Amino acid sequence: MKRELFHNLVTQCPEEFKDCTSTFDFLVKMQHYGLPTRLLDITSNPLVALYFACCSLIPNSSRDKNAKNGQVLIYQVPNDEIKYYNSDTVSVVSNLARAEANFDFSNPEEQERFLHSIQAEKPYFKPHIKEEHLHSVICVKPKLDNRRIVKQSGAFFLFGMGNKKTDPIRIPEHFRPDVKHIAIPKGSKENLLKELSTLSISEATLFPEIDNVARFLKKDINIKMKPQEDTIVNFEQIISPVYEATIIEKLMTDARLLEQIKNNPEDRAKQGDYPRLLQNAIVESQDKHEEAALKLLVEGEIVEQFSKNVFNELKRRVAELV
């Protein structure tokens, strides 16, 4: 964040910051109002994370090119590395926002000015700044004096500097578990938001300011009043024929499955190895066909139709082999 941006906002809106007692408090308030800061919002509630992965870039139709898949990013920060809002380390990194863009910690004069800004909020702070703290990313638990933070089970990553103040710094690799993210298909977002709403995870609950609540209630009423239309959707728009052919070719290599289809009535053949082999084929296809595979793994109606299509084609090909 630019030093001028920090000071200009405080100068022009002093009433908004009258309760802030530290630079970190200022940054949290600025983040709340959408100003770019050294903070990244995170949450300890996986359902809240799912909401934010689904609440934007939702497809308006099956051909909406602006829609995108979502992702829930997963971090696992060791307990002994989590800091509270009043930590000395948090004060050190936060005060980078007050430093000049060309801040050089090795320069004694600049180091003294930087120390002065920290001691302005913490008079007891000793003149011993560990330089490695300036180049770190810290997980910070904030004060629970903000309704939005409370509702969102919020916390922050506070970013230090790279070689220079303006250089980015990466989140430590040891904060990442083996499973680093969960992909959310764009076609599933709307249904997931509806499910989350039944669990009181919605715009109205996560953003409890009255304008957000009013907007959510208005949207909710419009949805309920909107007449339900019978929409005919071509299945090929949901799952491409190319992907379907890929799965069929995979299953055609299993001689045991083909024998079951050949020698049994359809209902019995579908109860044999077919369900397990179909699911395995879908799971194994995720690397190259992530979006289609995830749709089939999470949306029951789609996988049911897909299963019928694939089985019918397998049955047709087996008949031709006789």
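In this text, all values refer to a predicted model and were calculated from it rather than measured experimentally. Both backbone and side-chain heavy atoms feed into the values below; hydrogens, waters and symmetry mates do not.
Atom NZ of Lys122 sits in a crowded spot, with more than 12 heavy atoms from other residues, nucleotides or ligands closer than 6.0 Å. Shown here is Asp80, whose CG atom has more than 12 heavy atoms of other residues, nucleotides or ligands within 6.0 Å. With a 6.0 Å radius and a threshold of 12 heavy atoms from other residues, nucleotides or ligands, Lys270 has its NZ atom above the threshold. Atom CG of Asn102 is surrounded by more than 12 heavy atoms from other residues, nucleotides or ligands within 6.0 Å. Atom NZ of Lys68 sits in a sparse spot, with 12 or fewer heavy atoms from other residues, nucleotides or ligands closer than 6.0 Å. More than 12 non-hydrogen atoms from other residues, nucleotides or ligands lie less than 6.0 angstrom from CZ of Phe52. At most 12 non-hydrogen atoms from other residues, nucleotides or ligands lie less than 6.0 angstrom from NZ of Lys130.
Taking hydrophobic clusters as Ile, Leu, Val, Met, Phe, Trp and Tyr residues chained together by side-chain heavy-atom distances below 4.5 Å, Leu196 does not share a cluster with Leu57. Side-chain heavy atoms closer than 4.5 Å link hydrophobic residues (I, L, V, M, F, W, Y) into clusters, and following such links, possibly through other members, connects Leu199 to Ile182.
Not counting sequence neighbours, the partners of Asp41 by the side-chain hydrogen bond (donor to acceptor under 3.5 Å, both in side chains) test are Gln31. Taking the side-chain hydrogen bond (donor to acceptor under 3.5 Å, both in side chains) definition, one finds that Asp104 meets it with Ser106, sequence neighbours left out. Checked against side-chain hydrogen bond (donor to acceptor under 3.5 Å, both in side chains), Lys315 has the following partners two or more places apart in sequence or in another chain: Glu266. In this view, Asn263 and Glu259 satisfy the side-chain hydrogen bond (donor to acceptor under 3.5 Å, both in side chains) rule, not counting sequence neighbours.
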Donor-acceptor pairs under 3.5 angstrom involving side-chain atoms of residues 306-313: please list them, not counting sequence neighbours.
unit_1: Asn309; atom_1: OD1; unit_2: Gln305; atom_2: NE2; d: 2.9
unit_1: Asn312; atom_1: ND2; unit_2: Lys308; atom_2: O; d: 3.2
unit_1: Glu313; atom_1: OE1; unit_2: Arg316; atom_2: NE; d: 3.1
unit_1: Glu313; atom_1: OE2; unit_2: Arg316; atom_2: NE; d: 3.4
unit_1: Glu313; atom_1: OE2; unit_2: Arg316; atom_2: NH2; d: 2.5
unit_1: Glu313; atom_1: OE2; unit_2: Arg317; atom_2: NE; d: 3.0

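Between Val90 and Ser22, the closest side-chain pair of non-hydrogen atoms is not below 4.5 Å. Between Lys165 and Arg38 there is a side-chain heavy-atom pair separated by less than 4.5 Å. Two residues are said to be in side-chain contact when any heavy atoms from C-beta on lie closer than 4.5 Å; Glu100 and Arg113 fail this criterion. Within the 4.5 Å cutoff, side-chain heavy atoms of Ser285 are placed close to those of Ile247. Residues Glu16 and Leu9 have side chains not in contact (no heavy-atom distance under 4.5 Å, counting atoms from C-beta outward). Side-chain contact between Val93 and Lys83: absent, with no pair of heavy atoms (C-beta onward) separated by less than 4.5 Å. Using a 4.5 Å cut-off on side-chain heavy atoms (C-beta onward), Glu173 and Lys180 make contact.
When hydrophobic residues (I, L, V, M, F, W, Y) are linked wherever their side-chain heavy atoms come within less than 4.5 Å, the members clustered with Ile42 are Leu40, Leu73, Tyr75, Val77, Ile82, Val137, Phe157, Phe159, Ile169, Ile171, Phe175.
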request  = Step by step, work out the side-chain contact (heavy atoms from CB on, under 4.5 Å) result for Leu115 and Phe125.
outcome  = CA-CA 9 Å; Leu115 178 62; Phe125 190 89; 3.7 Å; yes
